[in-house]
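Encoded as structure tokens, the structure appears first; notes follow it.
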Amino acid sequence: MFWGGFYIINIDRKMKVLKFGGTSVGSVKSILSLKRIVEKEAKRQPIIVVVSALGGITDKLISTGQLALQGDNTWKDEFSTMVDRHHKMIDTIITEPKSREDLFNAVDSLFEQLKSIYYGVFLIHDLSEKTQDTIVSYGERLSSKIVATLIKGAKWFDSRDFIKTERKHGKHTLDSELTNKFVKEIFVDLPRISLVPGFISRDKNTSETTNLGRGGSDYTAAIIAAALDAEMLEIWTDVDGFMTADPKVIKTAYTINELSYIEAMELCNFGAKVIYPPTIYPVCIKNIPIRVKNTFNSNSRGTIIKSRITNDRKPIKGISSIKGTTLITVTGLSMVGVIGVNRRIFTALAERGISVFMVSQASSENSTSIGVRDIDAQQAVDVLNREFAKEIEMGAMFPMHAESNLATIAIVGENMKHTPGIAGKLFGVLGRSGISVIACAQGASETNISFVVDNMSLRKSLNVIHDSFFLSEYKVLNLFICGVGTVGGKLLEQIRSQYEELKEHSRLKLNVVGIATSRNAVFNRDGISLDTYLDDLKNSEPSNVTSLRDNVVGMNIFNSVFVDCTASKEIASLYQTLVENNISVVAANKIAASSQYSDYIKLKQTALARGVKFRYETNVGAGLPIIGTINDLRNSGDKILKIEAVLSGTLNFIFNEIAADVPFSETVKRAKEQGYSEPDPRIDLSGTDVIRKLVILAREAGYKVEQEDVEKHLFVPDDFFRGTVEDFWKKLPILDEEFEKKRKLLEEQKKHWRFVATMDHGKTNVALQTVDSTHPFYNLEGSNNIVLLTTERYKEYPMQIQGYGAGASVTAAGVFANIMSIANI
Ligand code: ADP
Ligand code: ASP
Ligand code: MG
């Protein structure tokens, strides 16, 4: 049948409802994409297209109203920008002169009315709910007119003629029966393309313009789809579908292929903005599937929401959250005896239209906590105090206690009920991340576990859960790298070259979120480019130890590891605060592990209690597995009796290099140039470095040792260590002659110098010794290290670990291995 310029198709033919959100009509590009999608779909079956206001316009309509109310003249400017935006859109997308003129007339007449309303508000200083509802209705009325003109043959309908509301508990509520009846009547003959403004409605009694609540266009579309038994409801938006979490918060969130109605409902109720919560119910009872698709990427599959889902065994499908939660605790010592407490709480709140989205009750029944929105909190407290005034007066109950600025998080999945241990794992990972859970609730349906945390911990909580339940494709480790000198620089190079490999094969993403030097620091929670970080550092703000600490702690980022590649005492002094804030520490810096025994133990115990790691394998022997081996031996019940070691790659290098034509001072210079020595070589020559290493090993072996306990027999006089480094370099050649004499003698005796660290049943010393060719230390080449471990099990033949004990690459690789050991937990 052909009628009034439109093709009319009988209702019993299959049809679809397509809803396009604000972003899908927000720009020229998106609106043209909408046109293509609609025209393609309309070839297959008749469709009803529901559109929102141009993106951001509803907010603008509201804020302009507020300006007018406050008597602020700038409402006119705001109004003009709205007019301009619509005009520009029409100018660009509607080319046919007649349609364009008609549309301009229609749009301008709407703007005329709107301007008069704002002017009224401005003059009278009054903005009633009725006026506000009228104002916001213009967004959808304007956008739908534009889209109706853009799409040839589309017939425009005014949704206020069939979406009917009534006032209940002070709110506009859909009258579904009446609405269903009208929708069926209006669409009894279905045009190929119908164009309907979303969101807006009319009160069935007063005929005033009302709406279905913010985000309500989704609901308009669902109501129509349900009333007409549509084959499918499609929600077209700006993301690839329903995702595991809000992609604006969780960068690794990804699209869920299939969701059940229950899962979708749970996620939407807890803040997954992608679908307005009431939307799901009408289509669910009619068993109409919902598909969520991306207007900007129409080829992606999107998400299908339906009653039964196939072959998906993931226990958790998604996470969502609501900020601005208040927890009201109803409590009293003899509340158990008060009849019907819960009924009275919920009735009292419902009568005021306050919605409760979480309830947690102790089984002793003497306290019930309810979650409401911050904006409802004061009213809820007043209502409940009034409701229980008598009991409070008698002392059976306490006045209501409210805690605001919280966030509620829900993890959702129908398979949770078949998987034991989810709650345990959830609270375990939150605890290890230093997040305290203020209240929690699990419904008996077991499809949702909800809990309340501080607003400040929200982002971290979402990330840590997303990561731990392998919702993410990758496990993420967020790294703060401190020091970009020889070791730090190499480490960053290694991370950069291994990045893709680890991502691909180990599903691990090493995200460098902070890089600091002693002067500058850069931070970026999305990851710093390792190609350009040196330039970024140059252009960054100055930084010091305090600001570094504040930034690292303040970013409150999940799975974070602070990697110290400096030799700085100040940086080492940050570790305690860092582990207290659930940040793991990997240190190439030896200062903390060799500091006061009490500080070292406190640091280790805090890390243990917080469930984070303090790793420092490279403190001794660079990349050699010395500390790990000692730990393994002890964990398996062995006892370390004695350690003999050449632990200074620098000193070994020096004593191997020294020759008739290479004097002592020259060997020290070479050690420094080739990156074997500490940044200040005096730390090596004074034995300090070896003493620190020996103290660390002795402690790992189970002995309580301080640096002062180590007996030392050195080879450079004390006064060389006073004054500046420059003085030291100047003075050093004085020692050359004496060394050469001794060297010659040793050569004749066929002996070698070795600077040996010894720990024997807890007693420690360092000394320059001479060893003959029968000694295991005799053939130690270059900068190599060697460690002999005499234990109860390795008594007659000590265990021997030998290899490169210094050098930026092997040290960086050791640090890298420590980082990986944290990732693999
Ligand atoms: P529209 O204007 O199309 O109605 P909305 O802004 O109302 O779009 O909803 C889409 C937005 O919802 C996305 O841009 C995304 O930031 C947010 N969002 C929150 N949670 C989720 C989720 N779980 N999956 C997808 N998007 C989500
Ligand atoms: N335009 C309305 C809003 O911004 C309705 C919607 O977009 O669904 O809330
Ligand atoms: Mg929306």
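In each ligand, atom 1 is the first atom listed, and ligand 1 is the first ligand listed.
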Evaluate the side-chain proximity of Ile288 to Glu231: yes if any heavy-atom separation is below 4.5 Å, no if none is. no
Counting C-beta onward and ignoring hydrogens, is there a side-chain heavy-atom pair between Ile163 and Leu174 closer than 4.5 Å? yes
Quick one: which of Lys16, Lys293, Lys19, Arg291 gives a salt bridge (Lys or Arg N to Asp or Glu O under 4.0 Å) with Glu234?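 The salt bridge (Lys or Arg N to Asp or Glu O under 4.0 Å) with Glu234 is passed solely by Lys16 among Lys16, Lys293, Lys19, Arg291.
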If we ignore angles and hydrogens, is there a donor and acceptor under 3.5 Å between the side chains of [X] and [Y]?
X: Asn294; Y: Asp238; answer: no
X: Thr210; Y: Thr165; answer: yes
X: Thr173; Y: Glu166; answer: no
X: Thr447; Y: Glu266; answer: yes
X: Thr325; Y: Thr408; answer: yes

Please state which option from Thr58, Ile319, Asp246, Asp238 has its nearest heavy atom closest to atom 15 (C) of ligand 1.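 Among Thr58, Ile319, Asp246, Asp238, the closest heavy atom to atom 15 (C) of ligand 1 comes from Asp246.
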Options Leu267, Val274, Thr237, Ile275, ranked by nearest heavy atom to atom 26 (N) of ligand 1, top entry: Val274
Residues which pass ring-ring contact (aromatic ring centres under 6.0 Å, His included) with His86, listed by chain and number, not counting sequence neighbours: Phe111
Under 3.5 Å, N or O to N or O, is Gly22 touching ligand 2 that way?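 No, Gly22 has no N/O under 3.5 Å of an N/O on ligand 2.
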Quick check: Thr58 and ligand 2, any N/O pair under 3.5 Å apart?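 Yes, Thr58 has an N/O under 3.5 Å of an N/O on ligand 2.
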For the 3.5 Å polar cut-off, considering only N or O atoms, please tell me whether Phe242 and ligand 1 meet it. no
Geometry only, no angles: is Val239 polar-contacting ligand 1 at N/O separations under 3.5 Å?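 No, there is no polar N/O contact under 3.5 Å.
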Atoms of ligand 1, numbered as shown, that sit under 4.0 Å from any heavy atom of [X]:
X: Gly241; result: 24 (N), 25 (C)
X: Lys19; result: 4 (O)
X: Thr23; result: 2 (O), 3 (O)

Judged by non-hydrogen atoms, does Gly198 sit under 4.0 Å from ligand 2? no
Does some non-hydrogen atom of [X] fall short of 4.0 Å from ligand 1?
X: Ala245; value: yes
X: Pro247; value: yes
X: Ser217; value: no

Nearest protein heavy-atom contact for [atom]: which residue, which atom, what distance?
atom: atom 5 (C) of ligand 2; value: Glu140 OE2, 3.5 Å
atom: atom 3 (C) of ligand 2; value: Arg214 NE, 3.3 Å
atom: atom 6 (O) of ligand 1; value: Lys273 NZ, 3.0 Å
atom: atom 24 (N) of ligand 1; value: Met243 N, 2.8 Å
atom: atom 2 (O) of ligand 1; value: Gly22 N, 3.0 Å

NZ (Lys323) with more than 12 external heavy atoms under 6.0 Å: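 Incorrect, the count does not exceed 12.
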Taking 4.0 angstrom as the limit and counting only heavy atoms of Ser217, give me the atoms of ligand 2 inside it, by number and element. 5 (C), 6 (C), 8 (O)
Under 4.0 Å from a heavy atom of Gly215: which atoms of ligand 2 are those, numbered in the order shown and with their elements?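 Those qualifying, in numeric order: 3 (C), 5 (C), 6 (C), 8 (O), 9 (O).
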Counting only heavy atoms closer than 4.0 Å, does ligand 1 sit against the backbone of Lys317, its side chain, both, or neither?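 For Lys317, there is no contact with ligand 1 at all, from either part.
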Got a sec, which residues hit side chain to side chain contact (heavy atoms under 4.5 Å, CB included) with Gln113, two or more places apart in sequence or on another chain?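 Once residues adjacent in sequence are excluded, the partners of Gln113 under the side chain to side chain contact (heavy atoms under 4.5 Å, CB included) criterion are Ser109, Leu110, Tyr138, Arg141.
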Please classify the Ser52 to ligand 2 contact at 4.0 Å (heavy-atom distances, strictly less than): side chain, backbone, both or neither.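 Side chain only; the backbone of Ser52 stays clear of ligand 2.
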Hey, which of Ser159, Ser143, Ser52 is the one that makes side chain to side chain donor-acceptor pair (under 3.5 Å) with Ser217?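 Between Ser217 and the candidates, side chain to side chain donor-acceptor pair (under 3.5 Å) is satisfied uniquely by Ser52.
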Closest contact, heavy atoms only, Lys152 versus Ile193: O-CD1, 4.4 Å
